[in-house]
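Heads up, the thing below is written out as structure tokens.
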Amino acid sequence: MKNINQLVGSRIRNYRKMKKMTLQQLADQIHKSRATVSKYETGEITLDIETLCEISSVLDISLSSLVDYRTEPEVRAVPPADYSGESPFFRAERLYFYFYDGRYHRLKEAVIDIRKNIVDSDGCCDARMAIRSSTSSGLSREIYYNGSVLYSDMLIRFSFVNCYNKLEQDLLYIFNPLELRDYTEGLLCGISSADLMPCAFKCLVTLNPRADYETLRQHLLLTPKELRRWQKLNMLIVDNNS
């Protein structure tokens with residue numbers, strides 16, 4: 001229950017800040033004290049459904065935006081035997097995604113959940129992504145995206161829309177690895193909502209979470225050799241040779 005309270009509270013805080021509302025302003029509109037709303041956001045108090053409906057109305061969002069919750073599945077390493085047949089990246093319902101954001105000089109990580117039971121007319125499955133990062137003050141922040149995933153023989157394409165800012169739409173292309181491994185490289189590209197500039201990031205997508213952040217950072221930094229190659233071709237390339 002604590003995890004659910006914290007998740008709902010962090011979403012309330014994020015949506016409130018997106019609306020540029022203070023704690024006191026939100027408290028006044030739902031007729032609660034500032035201290036109570038603060039405890040809602042930190043997960044110290046469990047919200048009743050009536051209060052959740054009031055908050056979603058004030059923030060002008062759907063109730064599901066606050067309470068959509070999926071439990072964390074048991075993390076299981078993928079043994080070599082699992083690589084027989086279809087690619088494990090095609091079978092996965094959860095992927096872990098990492099990229100280095102040079103604008104803020106920090107590694108960012110995300111969890112991508114794929115709902116294979118929801119398929120549209122084009123054969124795309126439903127997908128959701130939560131990008132997690134830490135601010136300069138050490139606070140954790142999540143940005144949520146909804147979208148879809150389409151599979152082909154060699155590539156997997158994710159298309160995402162920022163839940164807070166519909167103008168930010170991102171594409172993530174990853175390779176189906178040719179070797180027996182639990183990671184693959186890809187490219188994230190789109191228009192950044194932070195500065196409204198085109199951006200592209202080299203990224204790593206894994207079947208299991210990684211904790212070796214310094215190794216990840218070094219892997220994701222652009223090397224002088226890569227920069228020379230891209231400058232010569234006048235294009236950004238991420239291949240599947242790693």
Side-chain angles (χ1 to χ4, degrees), residues 1-72 97 99 101-113 115 118 126-148 158-172 188-199 201:
M1 180 62 70
K2 182 178 179 182
N3 288 339
I4 299 175
N5 290 343
Q6 289 175 340
L7 175 67
V8 173
S10 67
R11 291 185 178 182
I12 292 172
R13 181 175 63 252
N14 289 337
Y15 281 115
R16 173 178 62 78
K17 290 183 177 181
M18 287 296 299
K19 296 288 184 182
K20 301 187 185 302
M21 294 178 65
T22 64
L23 269 173
Q24 189 61 59
Q25 288 172 331
L26 178 57
D28 290 343
Q29 293 200 49
I30 64 172
H31 310 291
K32 303 287 184 181
S33 70
R34 184 182 184 280
T36 297
V37 174
S38 177
K39 289 182 178 180
Y40 287 157
E41 293 191 353
T42 58
E44 296 177 61
I45 298 179
T46 301
L47 287 94
D48 57 83
I49 189 64
E50 182 178 352
T51 303
L52 279 169
C53 289
E54 285 187 78
I55 292 174
S56 64
S57 177
V58 170
L59 297 177
D60 192 27
I61 57 175
S62 65
L63 182 61
S64 62
S65 298
L66 297 178
V67 299
D68 180 28
Y69 177 78
R70 296 187 68 187
T71 57
E72 293 281 335
F97 165 57
F99 68 97
D101 192 336
R103 298 168 302 178
Y104 306 104
H105 305 291
R106 65 174 67 106
L107 182 76
K108 292 186 177 179
E109 57 183 318
V111 174
I112 300 175
D113 285 314
R115 299 195 290 184
I118 303 178
D126 184 77
R128 299 186 179 187
M129 177 170 69
I131 294 182
R132 300 168 180 169
S133 62
S134 298
T135 64
S136 57
S137 60
L139 297 176
S140 179
R141 180 169 180 260
E142 287 188 320
I143 303 177
Y144 300 95
Y145 296 78
N146 288 328
S148 61
F158 293 89
S159 177
F160 290 113
V161 177
N162 188 324
C163 293
Y164 305 125
N165 184 349
K166 303 298 183 183
L167 291 178
E168 182 185 349
Q169 300 187 24
D170 299 312
L171 291 175
L172 168 61
L188 174 70
C189 52
I191 302 294
S192 169
S193 60
D195 47 22
L196 298 179
M197 294 287 288
C199 58
F201 299 95

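Quantities reported herein were computed from a predicted structural model and do not represent experimental measurements. Note: hydrogens, waters and symmetry copies are ignored here, and every other heavy atom, side chains too, is used.
Note that OG of Ser57 is 11.0 Å distant from CD1 of Ile30, once rounded to the nearest 0.5 Å. With rounding to the nearest 0.5 angstrom, the CG atom of Asp28 is 11.0 Å from the CZ atom of Arg34. To the nearest 0.5 angstrom, Ile12 atom CD1 is 11.5 Å from Ser38 atom OG. Residue Lys32 holds its NZ atom at 9.0 Å from CD1 of Ile45, rounded to the nearest 0.5 Å. Taking OH of Tyr145 as the reference point, atom CD1 of Ile131 lies at 4.0 Å (rounded to 0.5 Å).
The two residues Leu66 and Arg11 have their closest heavy-atom pair at O-CD, 3.7 Å. Nearest approach of Asn146 to Cys163, heavy atoms of both residues: ND2-SG, 3.5 Å. The two residues Leu59 and Lys19 have their closest heavy-atom pair at O-CE, 2.7 Å. Across all their heavy atoms, Ala110 and Met129 have their closest contact at CB-CG, 3.9 Å. Among all heavy-atom pairs drawn from Gly190 and Asp170, the shortest one is CA-OD1, 3.6 Å. Nearest heavy-atom pair, Asn5 versus Gly43, reported as atom, atom and distance to 0.1 Å: CB-O, 3.4 Å.
Ring planes of Phe201 and Phe99: tilted class, angle from 30 to 60°.
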For this session: Decide side chain to side chain contact (heavy atoms under 4.5 Å, CB included) for Val37 and Ile55; before the verdict, give the C-alpha distance in whole Å, the side-chain angles of both, and the deciding distance to 0.1 Å.
Result: CA-CA 10 Å; Val37 174; Ile55 292 174; over 6 Å; no
Problem set entry | Pair Asn162-Phe160, side chain to side chain contact (heavy atoms under 4.5 Å, CB included): steps then yes or no | CA-CA 7 Å; Asn162 188 324; Phe160 290 113; over 6 Å; no
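One N or O on the side chain of Arg16 and one on the backbone of Met21 form a donor-acceptor pair closer than 3.5 Å. In this structure a side-chain-to-backbone donor-acceptor pair under 3.5 Å is present from Arg13 to Glu41.
The shortest side-chain heavy-atom distance between Val111 and Asp113 falls under the 4.5 Å cut-off.
In summary, the side chains of Thr22 and Gln24 do not present any donor paired with an acceptor at a separation below 3.5 Å, with no hydrogens or angles considered.
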